[in-house]
Amino acid sequence: MPTIAPSAAEAVAGIRDNSTVLIGGFGNAGQPMELINALLDGGATGLTVVNNNAGQGDAGLALLIKERRVRKIICSFPRQSDSWHFDAAYRAGEIELELVPQGNLAERIRAAGAGIGGFFTPTGYGTMLTEGRETRIIDGRGHVYETPIHADYALIKALTADRAGNLIYRKTARNFGPIMAAAAKASIVQVGSIVATGELDPENVVTPGIYVTTIVQINATTPAAAEHGVTQ
Amino acid sequence: MPTIAPSAAEAVAGIRDNSTVLIGGFGNAGQPMELINALLDGGATGLTVVNNNAGQGDAGLALLIKERRVRKIICSFPRQSDSWHFDAAYRAGEIELELVPQGNLAERIRAAGAGIGGFFTPTGYGTMLTEGRETRIIDGRGHVYETPIHADYALIKALTADRAGNLIYRKTARNFGPIMAAAAKASIVQVGSIVATGELDPENVVTPGIYVTTIVQINATTPAAAEHGVTQ
Amino acid sequence: MNTQEKGARLGRDELAALVASDIKAGSYVNLGIGQPTLVSNYLRPEQSVTLHTENGMLGMGPEAHGDDIDEDLINAGKIPVTELPGASYFHHADSFAMMRGGHLDVCVLGAFQVSATGDLANWHTGAPDAIPAVGGAMDLATGAKEVYVMMSLFAKDGSSKLVEACTYPLTGVGCVTRIYTNDAVFLITADGVRVRETFGTTLAELQQRIPVPLQAAPLR
Amino acid sequence: MNTQEKGARLGRDELAALVASDIKAGSYVNLGIGQPTLVSNYLRPEQSVTLHTENGMLGMGPEAHGDDIDEDLINAGKIPVTELPGASYFHHADSFAMMRGGHLDVCVLGAFQVSATGDLANWHTGAPDAIPAVGGAMDLATGAKEVYVMMSLFAKDGSSKLVEACTYPLTGVGCVTRIYTNDAVFLITADGVRVRETFGTTLAELQQRIPVPLQAAPLR
């Protein structure tokens, strides 16, 4: 059963220095901005962060990187037109980068949640990103060995939670949320609304409550929860 | 875009001798009985069948086995109180059995659909079911190597399809359907109802239409499609 | 010694009630087929225990009867069940990922034998003419944070089912953390087998019949 | 020879229209960022092509404008898009499973270089001071049944981007099946590179500038 935190600050208060933190979102869609800001305010440092990108503009993850709180980032696409804080940290040698093809990143996160010890994927075979890695020819095709990405925490944004922690998402803001919730020891979720247990249709739950540790309601600017999936 | 077949017989008409066929269902829930019966009537033989069980009573898969149309079965739980046709075929040495722990069976099917070449799982390590298999110690824990189960066909039962092939299921009848649909070259789905494209909420689609080759509407005894997930 | 010695050997339902009372509030639990299913009768609503069934559901309710029977809503034993508020459905790969990934707090299973190091044998008698069937047994044994076994302590021939090394084919290696029997509760620890409590017998009496070194557990 | 020689070098939109007309009806297609995105403008409704975006959607519609912009509905290039009837949403692992599993019929990508055996280089210039970023490029190159490249045939310095072996870091090995350029369409086959058609040039002229043996393709 999840805890319902009264504020983003209290939701992330347990995050210690040197933790590995999965952060959901693809661009701004699904980015748990208020949780990231609370993490910034909380002061934890030496973090390993897993996100598709490495921060945009002057907000959220970009500020965590600017403040040198991220020791290492595991991502697929760090360089963007407005990734200047990452660019500066990287060129200064002050952040470690593990670059992973996006689908391997997603599958490695999924593997962690699913208890898979490692897997062979064709993606990246024969490229500089997998140099020196274990390879195997399977059905005539080259594959590389990839390992799960386990984490201490996941910070996620969903549309609606019920009090049992079941989650639904909205459109392409779903992206990394479900797999990150399952891969972390503790998953902290910001939602637009919290409804009573029983108000989400069991057929339509995307993340079962077993994967959710802490919920915090943030008054979101996105359309209301009532729009999707709530039966009452 | 899927084809809509006028009958179960026409839906399975393309299935050739010696094909590998994934058959959905766990017990009777989600079992595509009418498609199995049509496969029986169609005469295809030398089949490799993948199902959680090996048939119950005197219906469906049990009859396929009784008629010796199944050369090999890959399953987790063949022996049941009413699996007499399988029992007889097995004791006569007339069916090959590949016994797989249920979760490894599910993950191997999922791997086929997901393009994963192989994976390491802790389940079954150190047991007679994985004797002689490649093993690896990962984070101090024994794992065995498992390979994907690719198939020519999947026979599946869902609650409702739209004309784009998107599927929703009902309660625990979902079971193997979504992963089998993705793992087969051609997926043949029996549904209780077919609705116009756009009538299923995109947030609640469980199997996207890309995984569906053929749909056939069977007048089902289960509750009507209107009960779940249909927005209009 | 610290082991609690209680008055009488536990009955089937008393044992189920004991297991139920040991499950922490808020836990996610899978109850195996057979004797473990009885545990659900003794879970109190205020424990807020969520039951998982490996055929694709969290939030499973009690067995269904009469008009509540729905052929699309069954448990892993293929018994019709019901749905509780807060339930969710998912496909088989997601369901077993939930188990294998270590997300269930407790799994309760039956057993033929358990070894002193927690090896479990519960799927196959090893009889040469038996048709093997494993189902989800190995996945359940491997995945949960805690694996509780419920079994009779002695076989019909009087031999101990708690053994130095299993003679039946294994289900999982080093996976069992506790054994609940009508005669005693055993904890499998890194330091060996500890007896938490006995029912109508003593640790000394048990030690005479069990070929594994037993120690008293510290009081809870 | 069989190669069709047509009047004039194709413009950017003519090339996109050609790619669009080559996509079989009912296909599931992923259009990469940049030039390939233009293809969507030329897909006809009667083709019933379903567009995939790797950030978790099938059934993507055109770019959103004005009041239709929804920050939760974007494509892989982070541009606001719309939803068509029959759409579905899924998480990132499911989305890339769809690609890696070979379920997409066609993926259209840009490129820095393509080799005679279909190796693709499109993610990294190899410049020592560049910050690398791969995104979904390798997954797209590896997963689709057919990988079409859209690119200019010659670099600014006049050198051919169709090469014997890529000098830029690879995105995928032996994955490209066709190359669409403003000057010609190339098919990568087991027998080598075949020229399907040329625009404002001839196979002989192209062969003088391209360091790879070219053959005419049989007429379609």
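Order of the sequence lines fixes the chain letters, A, B, ..., with proteins taken first and strands second; residue numbering starts at 1 for each chain.
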Taking A/Val191 as the fixed residue, which of A/Ile215, A/Asp162, A/Val216, A/Ile156 is the one that meets the side-chain contact (heavy atoms from CB on, under 4.5 Å) rule?
-> A/Ile215
Give the member of D/Leu170, D/Thr171, D/Asp139 that has the highest number of heavy-atom pairs under 4.5 Å with chain A.
-> D/Asp139
Check whether the ring centres of A/Phe26 and A/Phe176 lie less than 6.0 Å apart, and answer yes or no.
-> no
Side chain, backbone, both or neither: which part of D/Asp119 has a non-hydrogen atom closer than 4.5 Å to chain A?
-> neither
Output the option from D/Leu73, D/Thr53, D/Val81 having the highest count of non-hydrogen pairs under 4.5 Å with chain A.
-> D/Leu73
Bottom line for A/Arg141: the part with an atom under 4.5 Å from chain D's heavy atoms is side chain
Region of D/Ser95 in contact with chain A, defined by heavy-atom distances below 4.5 Å | neither
Using non-hydrogen atoms and a 4.5 Å limit, figure out which bit of D/Phe96 sits close to chain A: side chain, backbone, both or neither.
-> side chain
To the nearest 0.5 angstrom, please state how far the CG atom of A/Asn51 sits from the CD1 atom of A/Ile74.
-> 11.5 Å
Just how far is it from atom CD1 of A/Ile149 to atom OG1 of A/Thr147, taken to the nearest 0.5 Å?
-> 7.0 Å
In terms of heavy-atom pairs under 4.5 Å with chain A, which of D/Gly174, D/Ala97, D/Ser88, D/Ala76 leads?
-> D/Ala76
Just checking, A/Arg174 and D/Phe90: is the charged tip under 6.0 Å from the six-membered ring centre and within 45° of the axis?
-> no
May I have the step-by-step check of salt bridge (charged side-chain N to carboxylate O under 4.0 Å, His left out) for D/Asp22 and D/Arg196, ending in yes or no?
-> CA-CA 12 Å; D/Asp22 278 356; D/Arg196 191 182 80 180; 2.7 Å; yes
Short side-chain donor-acceptor distance under 3.5 Å, A/Thr207 and A/Tyr169 | yes
Given that the side chain runs from C-beta out, which part of A/Val206 has a heavy atom under 4.5 Å from chain D: side chain, backbone, both or neither?
-> neither
Which region of A/Arg110, side chain (C-beta onward) or backbone (N, CA, C, O), has a non-hydrogen atom less than 4.5 Å from a non-hydrogen atom of chain D, or is it both or neither?
-> side chain
A/Leu97 portion near chain D, given a 4.5 angstrom heavy-atom threshold = side chain
Structural part of A/Asn104 lying under 4.5 Å from a heavy atom of chain D | both
Neighbour count >12 (heavy atoms, 6.0 Å) for atom NZ, A/Lys66 = no
